2 protein chains.
Amino acid sequence: MRDVAKFADVSVATVSRVINGKGDVNPETRKRVEQAIEYLHYKPNDVARTLFRGKSKMIALFVPDIMNPFFPELARAVEDVTNKYNYTFILCNTDGDLEKELTYIDTLQQKAVDGFIIVSSTITDEMLKKISVPIIALDRFFHSELASITVDNYQGGREATEYLQSIGCQRIAHLCGPESASNTMERLRGYMDVVRDTDWFLSSYLLSCNYNMEQAKVMTMEMLRNHPEIDGIFAANDVMAIGAMKAAEQLGIRIPEDLAVIGFDGISVGEATSPTLTTMAQPIYDMGTRAAEMLMEQIQTQVAPKTIETFPVHLLERESTKRKKVAHG
Amino acid sequence: MRDVAKFADVSVATVSRVINGKGDVNPETRKRVEQAIEYLHYKPNDVARTLFRGKSKMIALFVPDIMNPFFPELARAVEDVTNKYNYTFILCNTDGDLEKELTYIDTLQQKAVDGFIIVSSTITDEMLKKISVPIIALDRFFHSELASITVDNYQGGREATEYLQSIGCQRIAHLCGPESASNTMERLRGYMDVVRDTDWFLSSYLLSCNYNMEQAKVMTMEMLRNHPEIDGIFAANDVMAIGAMKAAEQLGIRIPEDLAVIGFDGISVGEATSPTLTTMAQPIYDMGTRAAEMLMEQIQTQVAPKTIETFPVHLLERESTKRKKVAHG
DNA sequence: GTGAAAGCGCTAACAC
DNA sequence: GTGTTAGCGCTTTCAC
C-alpha cells in the first residue's frame with residue numbers, strides 16, 4: 001500500500017479512500033491511484049483490515065458429520081450465499097462432540113469470525129454464552145431465544161405414518177434417531193400420535209438407531225425376524241431407511257410388496273437405491289440458503305431478531321412404497 | 001492483553017512470553033500472569049498474531065463439488081489433520097470453474113492462508129504463479145513440478161477391465177469422465193490397452209460422461225439399446241456406475257446376470273445400491289490425510305520437495321459382478 | 001481534496 | 001528476568 005501511495009504520489013490515506021470508495025477524492029487523483037494499483041498488482045491485506053475492523057468477513061458452519069449426504073447439500077447452500085456476500089466460509093465437523101464444538105468456537109472467535117450457523121444437538125447455554133457474534137441454529141431447534149431454521153418435523157412424522165396407512169400398511173414400525181436431537185423427537189411424536197391408539201401398536205415397533213445406516217440395518221433385521229407382521233417402516237432419516245431396506249433384502253422380504261419403507265430428508269442417494277426411496281423431503285438447499293441469509297442480515301444490521309422459521313416437508317413418492325392403493329380399516 | 005499485563009503487574013511483553021513459552025520468565029511471574037489470564041478469560045487475538053507473522057494457520061482445500069460423495073471423505077481427512085496441527089480448514093467448491101478458483105485464491109491469500117490442497121482439472125501455470133504458498137495437487141496430476149497425490153489410475157483401469165474379462169464378459173463398454181481430468185484419461189488408457197486389440201472392440205463402446213450420474217444413465221440407456229451384446233461396463237467413477245445400473249434396471253437388463261458393472265472410487269454409497277457396486281476402491285481417506293500431512297510439512301519446513309506419490313487401488317468385489325467364474329475365449 | 005498520525009493487538013529486537 | 005518500543009498493513013479522525 002505504501003508502494004502504491006508512493007507510485008501515485010499520494011498518501012496512504014488517499015489510497016485507502018480510493019480502495020474503499022469512501023470520502024471525496026479528486027477524480028484525477030483517483031485515476032492515478034487506480035492505475036498504480038493496477039500496475040503494481042496491489043491486493044489489500046485482509047488481515048490488517050480485519051484487525052482494525054474486528055470483523056473478518058468469515059462465517060462458520062458446524063455440522064455433525066459431512067459424510068452424511070444431508071450435510072454437503074446444506075454446506076453447499078451456505079457457501080453459495082457467503083460467496084454472494086463476499087464472505088469466506090468455514091466448515092467444521094463436530095462429530096456431535098461438545099468438546100470439539102467448544103474448541104472450534106474459541107479458535108474461530110480468535111480469528112474474528114462474524115457469525116455461526118450450527119447444526120447441533122448438544123448446544124448448551126454455556127456454549128451460547130461464549131459466542132459474542134450472531135448465531136443461527138439449523139435443522140435442530142434449541143430454545144426460543146436462539147434464531148432457528150427447521151422443518152415441521154412433527155407434521156412430517158405424522159404425514160409419513162399416515163401415508164403408510166393410506167397405502168395399506170397395518171403394522172408400522174419406526175426407526176428413531178438419537179434422543180438428544182430435537183428433530184427426531186418431533187418426528188417420533190408425529191408417529192406416536194398416529195399409532196398410539198391403534199389396536200396393533202407395540203412398543204417394540206419403536207427402534208432407537210442414532211441416524212446410522214449399519215446400526216439401522218442390524219436392528220431392523222432383528223425386528224423383522226421377531227415381528228414378521230410388520231408391513232411398513234418409517235425411518236427418521238434416509239440413511240436409516242436405506243439400512244432398513246438392506247435388512248429386508250437380506251431377509252428376502254420384498255419391497256414394496258411385503259414391506260413399504262419411507263425415509264426422511266430427501267437426500268439424492270435415495271434415487272440411487274433400488275427400489276428408489278420414498279421420503280419426506282426437506283427443502284435442504286433452501287434451508288441452508290435461508291439460514292445463511294438470515295445470518296448475513298444479523299451481521300449487517302447488528303440486531304438478532306430470534307426468528308424461528310419452520311419450513312414445510314413434502315412427500316416424495318418413489319418406489320419403496322409404490323403399491324396399488326388399498327382400502328383398509 | 002493490556003488488561004492481563006496490568007492485572008498481573010507486568011508488561012505486555014512478559015504476557016506475550018508466557019503465552020508463547022518463549023524467552024525466560026521468572027516462575028513466580030509466570031504464575032501470576034497465568035492466573036491473570038485465567039481470571040480474565042483472556043484469549044489471544046489471532047488476527048493480530050497473523051498480521052505480525054504473515055501466517056494465519058489456515059489451509060484451504062479446493063474440490064469440484066462437495067455433493068459428490070467422494071469429496072466429503074477427502075475433506076474429512078484433511079480436516080482431521082489440520083485439527084491435529086491446530087490449523088483451521090477452509091473448504092471451497094470450485095465447480096471446476098477456473099474463475100472461481102482464481103477468486104478463491106485471491107481472497108484466501110489476502111487472508112494469509114498458509115497453503116492449498118487442490119483437486120482440479122483446470123490448474124494452470126497462471127494459477128500456480130499467483131500462489132505464493134505451498135500447494136499440493138490431489139486426485140489429479142498436473143505436472144511434475146507440482147507435488148501431487150494420486151492413485152495409479154492406469155493400473156486401476158487395466159485391472160477393472162481385466163477383471164470383467166475374467167468373470168466372463170465378452171463385450172466391455174467404458175464410461176469415461178471429462179477429458180480435462182487426468183485421472184479419467186489414465187483409467188481410459190488402462191481400459192484401451194486391454195481392449196484395443198480384441199476382435200470385438202468398437203469405438204462406440206466408449207462413452208464420455210462428465211462424472212455425472214444422470215447423464216451416465218441416459219447415455220448408457222442409449223448404448224445398451226444399440227448394443228444389446230454388451231455384457232460388461234467399466235465406469236470411471238462410482239456415480240456414473242450407479243447411473244449405468246439404473247439404466248440397465250429400466251431396460252429390464254439383469255445385473256450381474258446379463259450385465260456386470262464395475263465402478264471406480266469406492267464411495268460408501270456403493271454399498272447402498274442393490275445390487276451393491278463392485279468397484280476399484282481408492283484409499284480416499286488416506287490420500288486426504290497424506291496430502292494434508294505433506295502440506296503441513298512443506299509449511300513448516302518451507303521447502304517444497306515436489307513429491308509425486310501414487311497410491312494403489314484395490315478391487316472391491318460386490319454384487320454387481322458376482323457371477324460364477326466362467327472359462328471364456 | 002488531501003496528509004499526518006493514532007491505534008487495532010500482538011511479537012521481537014533491544015535496552016536495562 | 002523484565003520493560004520499552006517499533007512495526008505488521010490498514011482505516012479513520014482531525015487538521016489544513
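Chain letters run A, B, ... following the sequence lines, proteins first and then strands; every chain starts at 1. Just so it is clear, the structure is predicted and the values come from calculations on it, not from any experiment.
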Problem - Rounded interatomic separation in angstrom, taking CD from A:Q110 and C1' from C:dC10 - result: 13 Å

Practice task
Establish, with yes or no, whether the OP1 or OP2 oxygen of C:dG3 is under 4.0 angstrom from a side-chain nitrogen or oxygen of A:T14.
Solution key: yes

Practice task
I would like to know whether B:K130 and B:E101 meet salt bridge (charged side-chain N to carboxylate O under 4.0 Å, His left out); could you show each step before the answer?
Solution key: CA-CA 11 Å; B:K130 282 188 105 163; B:E101 290 176 334; over 6 Å; no

Problem - A:D3 vs A:Y42 side-chain heavy atoms within contact, under 4.5 Å - result: no

Practice task
Assign the ring pair A:Y104 / A:F62 to parallel, tilted or perpendicular, where the plane angle (0 to 90°) is split at 30° and 60°.
Solution key: tilted

Problem - A:T103 side chain near A:D106 side chain, heavy-atom distance below 4.5 Å - result: no

Practice task
Dump the intermediate steps for salt bridge (charged side-chain N to carboxylate O under 4.0 Å, His left out) on B:R76 and A:D65, then the final yes or no.
Solution key: CA-CA 8 Å; B:R76 186 58 212 251; A:D65 184 8; 3.4 Å; yes

Handout entry: A:M1 CE - C:dG3 P separation (whole Å)
Key = 12 Å

Problem - Reference residue A:R140; test side chain to side chain donor-acceptor pair (under 3.5 Å); the match among A:S180, A:S148, A:S121 - result: A:S121

Fill in the blank from the handout: B:K6 atom NZ is separated from D:dT4 atom P, nearest whole Å, by 12 Å

Completion exercise
Here the distance between atom P of D:dG9 and atom CG of A:D3, to the nearest Å, is 10 Å

Exercise for the section: Could you identify which residues of residues 42-55 of chain A place a heavy atom less than 4.0 Å from some atom of DNA chain D, listed by residue number, or say none? Expected result: A:Y42, A:P44, A:N45, A:A48, A:R49, A:F52, A:R53

Practice task
In sequence, state the C-alpha distance, the side-chain angles, and the governing distance for A:E309 and A:R290, and then conclude on salt bridge (charged side-chain N to carboxylate O under 4.0 Å, His left out).
Solution key: CA-CA 9 Å; A:E309 284 189 21; A:R290 186 70 193 105; 2.9 Å; yes

Handout entry: Members of residues 15-29 of chain A that approach DNA chain C, where some heavy atom sits under 4.0 Å away
Key = A:R17, A:D24, A:V25, A:N26, A:T29

Handout entry: CD/A:E179: more than 12 non-hydrogen atoms of other groups inside 6.0 Å
Key = no

